[in-house]
Number of protein chains: 2
Amino acid sequence: MNARRDKLSQSLEDYLEAVYLIEKEKRVVRVKDISSFLKVKKPSVVSALKALEARGLVNHEKYGYVELTPAGKREARRIYRVHRTLKEFLVKVLGVEEAVAEEDACAIEHYLHQDTFDRLVKFLEFIETCPEDVPFWLRSFHYYAERGIRPPECGRGKRNSVQED
Amino acid sequence: MNARRDKLSQSLEDYLEAVYLIEKEKRVVRVKDISSFLKVKKPSVVSALKALEARGLVNHEKYGYVELTPAGKREARRIYRVHRTLKEFLVKVLGVEEAVAEEDACAIEHYLHQDTFDRLVKFLEFIETCPEDVPFWLRSFHYYAERGIRPPECGRGKRNSVQED
DNA sequence: TATTTTAGTTAGTTTTATCTAACTTGTCAA
DNA sequence: TTGACAAGTTAGATAAAACTAACTAAAATA
């Protein structure tokens with residue numbers, strides 16, 4: 001029970017997240033599913049599950065299904081939340097393409113400090129709660145990112161009538 | 001000469017970057033310097049250098065100094081550029097504290113797609129070339145990040161006279 | 001110059017995360 | 001009900017990246 005409190009490795013976080021996502025989709029999680037989801041061989045899955053079980057994050061009885069423990073689910077949710085937030089930032093703000101954003105988010109998700117993550121969340125909140133659907137400045141940036149120059153209405157001086165934030 | 005073209009591991013990228021940074025500071029790079037810079041023991045440095053040498057990225061003769069080859073310097077510069085850009089983003093935009101930003105940048109730098117990086121650069125450019133010293137929206141965000149609410153002058157409707165982008 | 005201290009190296013171990021090959025269990029269909 | 005095939009497991013290999021302990025070279029100094 002509630003063993004090792006050490007931080008999970010990137011790899012184990014990936015396995016945990018995979019179990020969580022498959023569980024959401026399929027109701028039941030098998031070694032094979034994790035294996036194909038993460039593109040690793042089945043023995044790798046088995047040994048990862050062993051490690052996760054030792055930390056009390058999953059239950060996995062021989063030849064049976066894989067389940068997250070409450071602690072495992074909590075942790076997996078945390079990881080996935082970082083994942084989604086990062087991806088959202090990459091896509092919505094920077095305009096990175098879906099598939100690339102997915103990969104980057106997947107790699108980065110393991111390394112952010114809590115504070116950095118919190119600020120990222122705030123940043124997205126800030127954008128979403130803007131009175132405009134998409135903030136003027138963000139549209140300007142996307143224009144700039146595509147064309148390399150600022151949109152004309154954004155140049156020195158003049159601007160349109162909606163407030164900017 | 002120009003061996004292995006495979007991608008470097010995170011670890012080897014860190015060693016390469018360390019050599020680059022120490023070289024900039026001290027003119028001469030020793031195993032000991034890398035060891036203390038990266039907080040690993042000296043034998044770890046020696047074996048990493050061996051790997052980097054096999055890829056033609058550093059020169060290191062026994063008991064001698066460590067030097068980057070031209071290819072090594074190119075690669076190190078690339079890595080460090082990503083590092084600085086990420087850190088700048090974290091500090092200037094998200095308002096993350098210096099030391100935390102440094103750590104996050106250091107971890108993330110190894111995992112970004114080129115396109116994501118390019119967009120990040122553009123984003124910072126976009127901010128820097130803003131007619132205002134700090135864009136209005138960014139000041140608004142910092143206010144929001146600190147206090148959890150938007151600044152009064154940023155609410156629905158009214159705004160001050162400088163344009164927003 | 002001889003000795004001591006510091007720097008660098010080698011050999012060998014550990015941990016993590018993968019893999020392959022071979023074996024076991026379980027299920028489904030003839 | 002019994003095989004055949006799919007799923008899961010075990011054992012053992014490999015590779016990367018770190019470590020310690022013990023040794024060697026170089027440098028500093030007395």
Take the protein atom [atom1] of [X] and the nucleotide atom [atom2] of [N], then report the distance between them rounded to whole Å.
| X | N | atom1 | atom2 | result |
| --- | --- | --- | --- | --- |
| B/Asp6 | D/dA15 | CG | P | 13 Å |
| A/Lys50 | D/dA11 | NZ | C1' | 10 Å |
| B/Glu61 | D/dA25 | CD | P | 16 Å |

Over all strands shown, is [X] touching base, sugar-phosphate only, or nothing at heavy-atom distances under 4.0 angstrom?
| X | value |
| --- | --- |
| B/Ser47 | nothing |
| A/Ser11 | sugar-phosphate |
| A/Tyr15 | sugar-phosphate |

One thing to verify: whether [Y] and [X] come together as a salt bridge, which I'm taking to mean a side-chain N less than 4.0 angstrom from a carboxylate O.
| X | Y | answer |
| --- | --- | --- |
| A/Glu23 | A/Lys73 | yes |
| B/Glu75 | B/Arg78 | yes |
| B/Lys92 | B/Glu128 | yes |
| A/Asp115 | A/Arg119 | yes |
| B/Lys50 | B/Glu53 | no |

Inset, instruction - For A/Leu12 and for B/Gly64, locate the closest nucleotide of DNA chain C by heavy-atom distance; then report the residue assigned to the nucleotide nearer the 5' terminus. - result: B/Gly64
Inset, instruction - Please tell me if the side chains of B/Phe123 and B/Val93 come closer than 4.5 Å, counting only heavy atoms from C-beta onward. - result: yes
Inset, instruction - Take atom CZ of B/Arg81 as the centre, draw a 6.0 Å sphere, and report whether it contains more than 12 heavy atoms from other residues, nucleotides or ligands. - result: no
Legend entry - Side-chain hydrophobic cluster, 4.5 Å single linkage: members besides B/Tyr65: B/Val28
Inset, instruction - Step by step, work out the salt bridge (Lys or Arg N to Asp or Glu O under 4.0 Å) result for B/Glu109 and B/Lys87. - result: CA-CA 9 Å; B/Glu109 65 186 353; B/Lys87 186 172 171 185; over 6 Å; no
Inset, instruction - Can you sort out which residues in residues 29-42 of chain A have a heavy atom within less than 4.0 Å of DNA chain C? Ascending by number, please. - result: A/Val40, A/Lys41
Inset, instruction - Return no unless some side-chain N or O of B/Lys62 is found under 4.0 Å from OP1 or OP2 of D/dA26. - result: no
Inset, instruction - Give me the first and last nucleotide of DNA chain C, going 5' to 3', that has any atom under 4.0 Å from a heavy atom of chain A. - result: C/dA17 to C/dT25
